[in-house]
Amino acid sequence: MNQKNVIWVLILLCISCQTPNTTWKSLLVDNSLKGWHTFKHDGVLKGWVVENDVLVFNGVSDMESGEGDASLLSDKIYGNFEIKFDWEIIKGGNSGFMWGVQEDEKFNYPYQTGPEIQILDHAIYEKPETVLGGEIEYQNVMADLGVYKHYIGALYDMSAPKRIDVANPAETWNSYHIKIDYKANRGEVILNDVLINSFPLYGAEWDAMLKKSKFSKSEESPYLGDARWYDYGKFKKGRICFQDHPGSVSFRNIRIKELE
């Protein structure tokens, strides 16, 4: 091989090495749950199905069944990334998207480590009694009225969205574009093409938000176990997650792009 050909080979290799960082990849493969598992991998994908390239949670949540968390996690671990997906929630329903989730045995739930971008039926803020999930979810809504740290597009209990007039109603599709970039120390939530939230991912500003949230509390909570909230938001790499929570929720057009 002459020198000119060697140079071209090296250029092509460099380009191929960069491809994972510049290409959007679908996360629903072959109209199946390939590449996904439930939290702490019990081998049963309970409550989750893929129909016509739409991911659906139509099961009974752990909050209602007490049979263990069934949140859906990626097999792959991600660091910096952008993700786009459409979501549709049932009336009164509640769900979320998380990242940085760890599956160590000491953790009972994904949200003990993974920060969450909230998904819900925003009509419950007008009629809290319509929320699914019983007294716990009702109290969560009541405590958040006028605060909006549990609202659509919120970094749950940490950062409220800057706008609350962008979401479509329950049982219609909404679109998220979420950016998580630890290199730039910035997270963003774009709802229906409108930037509604941005926040740091670590440092003094993050610590200040954390201090004001429930995740700073360390009192004993039997349902959380000894790990409590001690490791919340501390991992720059982990699995991404769609939450097991009251009410059916659907996702489609799920695509991810890894960043450097």
message: With heavy-atom distances below 4.5 Å as the criterion, would you say the side chains of Leu191 and Ser175 are in contact?
response: no
statement: Residues passing the side chain to side chain donor-acceptor pair (under 3.5 Å) test with Asp30, sequence neighbours excluded, are Lys34
task: Hey, could you give me the CG/CG distance between Asp144 and Asp157, rounded to the nearest 0.5 Å?
output: 7.5 Å
- prompt: How far does CG of Leu55 sit from CG of Leu27, to the nearest 0.5 angstrom?
  reply: 10.0 Å
message: My understanding is that only residues two or more places apart in sequence, or in another chain, count here; which of them pass side chain to side chain donor-acceptor pair (under 3.5 Å) with Ser95?
response: none
statement: Between Asp53 and Leu28 the two heavy atoms that sit nearest each other are O-CD1, 3.4 Å
- prompt: Under the side-chain hydrogen bond (donor to acceptor under 3.5 Å, both in side chains) rule, what pairs show up with a residue in residues 201-214, not counting sequence neighbours?
  reply: none
Sequence neighbours excluded - salt bridge (Lys or Arg N to Asp or Glu O under 4.0 Å) pairs with any residue from residues 86-96: Asp86-Arg252
statement: Residues at least two apart in sequence or cross-chain that pass salt bridge (Lys or Arg N to Asp or Glu O under 4.0 Å) with Glu135, listed by chain then number, are none
message: Less than 4.5 Å apart, side chain to side chain, heavy atoms only: is that true for Thr38 and Leu73?
response: no
- line: Looking only at heavy atoms, the pair that brings Ser198 and Ser159 closest together is O-OG, 4.1 Å
message: Evaluate Trp48 against His37 for side chain to side chain contact (heavy atoms under 4.5 Å, CB included), listing each step before the verdict.
response: CA-CA 10 Å; Trp48 294 93; His37 64 273; over 6 Å; no
message: Can you tell me if Lys162 has over 12 outside heavy atoms packed within less than 6.0 Å of its NZ?
response: yes
task: Is it possible for you to say whether Ile190 and Ile152 belong to one hydrophobic cluster, with membership spreading through side-chain heavy-atom contacts below 4.5 Å?
output: no
Identify each donor-acceptor pair in which a side-chain atom of residues 163-172 lies under 3.5 Å from a protein atom, sequence neighbours left out, and give them as a table.
unit_1, atom_1, unit_2, atom_2, d
Arg163, NE, Asp165, OD1, 3.0
Arg163, NH2, Asp165, OD1, 3.3
Arg163, NH2, Asp165, OD2, 3.4
Asn168, ND2, Trp173, O, 2.9
Thr172, OG1, Pro169, O, 2.5

message: Can you confirm whether Asn94 sits close enough to Glu137 that some side-chain heavy atom of one is under 4.5 Å from a side-chain heavy atom of the other?
response: yes
hydrophobic_cluster_shared for Val54 and Val50, side chain cutoff 4.5 Å: no
query: Is Val194 reachable from Val189 through a run of hydrophobic residues whose side-chain heavy atoms are each under 4.5 Å from the next?
result: yes
- prompt: Which pairs, with at least one residue in residues 92-111 and sequence neighbours excluded, count as a salt bridge (Lys or Arg N to Asp or Glu O under 4.0 Å)?
  reply: Lys40-Glu105, Glu103-Arg239, Lys106-Asp231
- request: Run the numbers on Tyr78 and Trp99 for ring-ring contact (aromatic ring centres under 6.0 Å, His included), then give the verdict.
  value: CA-CA 8 Å; Tyr78 294 95; Trp99 72 92; over 10 Å; no
task: Could you go through the side chain to side chain contact (heavy atoms under 4.5 Å, CB included) check for Glu82 and His177 one step at a time?
output: CA-CA 7 Å; Glu82 296 183 37; His177 179 181; 2.7 Å; yes
- request: Return each pair, listed once, that meets salt bridge (Lys or Arg N to Asp or Glu O under 4.0 Å) where at least one residue sits in residues 115-129; pairs must be two or more places apart or across chains.
  value: none
query: For the residue pair Ser250 and Val56, what are the closest heavy atoms and their distance?
result: OG-CG2, 3.7 Å
- request: Determine, step by step, whether Leu72 and Leu33 satisfy the side chain to side chain contact (heavy atoms under 4.5 Å, CB included) criterion, reporting the C-alpha distance in whole Å, the side-chain angles of both residues, the deciding distance to 0.1 Å, and the verdict.
  value: CA-CA 10 Å; Leu72 192 69; Leu33 286 164; 4.1 Å; yes
task: Using a 4.5 Å cut-off on heavy atoms from C-beta on, say whether the side chain of Phe97 contacts that of Tyr176.
output: no
- prompt: Does the Asn80 side chain pair with the main chain of Tyr182, one donor and one acceptor, at a distance under 3.5 Å?
  reply: yes
- request: Calculate, to the nearest 0.5 Å, the distance between atoms OG1 and CD1 belonging to Thr130 and Ile124 respectively.
  value: 6.5 Å
- line: So CD of Gln112 and CG of Asp69: to nearest 0.5 Å the spacing works out to 9.5 Å
task: Can you sort out the partners of Trp36 under ring-ring contact (aromatic ring centres under 6.0 Å, His included), two or more places apart, ordered by chain and number?
output: Phe242
message: Taking the side chain as everything from C-beta on, heavy atoms only, tell me whether Ile119 gets closer than 4.5 Å to Phe251.
response: yes
- prompt: So which pairs with a foot in residues 144-167 pass ring pair (Phe, Tyr, Trp, His ring centres under 6.0 Å), sequence neighbours left out?
  reply: Tyr125-Tyr148, Tyr125-Tyr151, Tyr148-Tyr151, His150-Tyr156
- prompt: So do the side chains of Tyr232 and Tyr111 get within less than 4.5 Å of each other, counting heavy atoms only?
  reply: no
message: Just verifying a value: how many Å separate Ile89 CD1 and His122 NE2, rounded to the nearest 0.5 Å?
response: 11.5 Å
- prompt: Can you find a pair of side-chain heavy atoms, one from Lys257 and one from Lys179, that are under 4.5 Å apart?
  reply: no
- prompt: Other than Val147, what residues sit in its cluster of Ile, Leu, Val, Met, Phe, Trp and Tyr side chains whose heavy atoms are under 4.5 Å apart, directly or through others?
  reply: none
field: Asp75 atom CG: more than 12 heavy-atom contacts under 6.0 Å
entry: yes
field: Closest non-hydrogen atom pair, Ser71 against Gln243
entry: OG-CA, 3.6 Å
field: Leu259 vs Lys183, side chain to side chain contact (heavy atoms under 4.5 Å, CB included): CA-CA, chis, key distance, verdict
entry: CA-CA 9 Å; Leu259 306 174; Lys183 188 174 181 179; over 6 Å; no
- request: Verify, without hydrogens or angle tests, whether Thr113 (side chain) and Gln102 (backbone) share a donor-acceptor contact under 3.5 angstrom.
  value: yes
- request: Examine Trp229 together with Phe215 and report whether their ring centres are nearer than 6.0 Å.
  value: yes
- request: Please confirm whether the backbone N or O of Phe57 pairs with a side-chain atom of Ser248, one donor and one acceptor, at under 3.5 Å?
  value: yes
- prompt: Under a 4.5 Å side-chain heavy-atom rule over Ile, Leu, Val, Met, Phe, Trp and Tyr, are Phe199 and Phe81 clustered together?
  reply: yes
query: Does any donor atom in the side chain of Asn174 or Asn192 lie under 3.5 Å from an acceptor atom in the other side chain?
result: yes
field: Atom of Ala154, atom of Ala160 and distance for their closest heavy-atom approach
entry: CB-CA, 4.4 Å
message: Assigning hydrophobic clusters by single linkage (Ile, Leu, Val, Met, Phe, Trp, Tyr; side-chain heavy-atom cutoff under 4.5 Å), is Phe85 placed with Ile256?
response: yes
query: Where do Gly187 and Ile180 come nearest, in terms of heavy atoms and distance?
result: CA-CD1, 4.3 Å
- prompt: Are any of the side-chain heavy atoms of Ile240 and Ile77 separated by less than 4.5 Å?
  reply: no
statement: For Arg186, the side chain to side chain donor-acceptor pair (under 3.5 Å) test, sequence neighbours excluded, returns Glu188
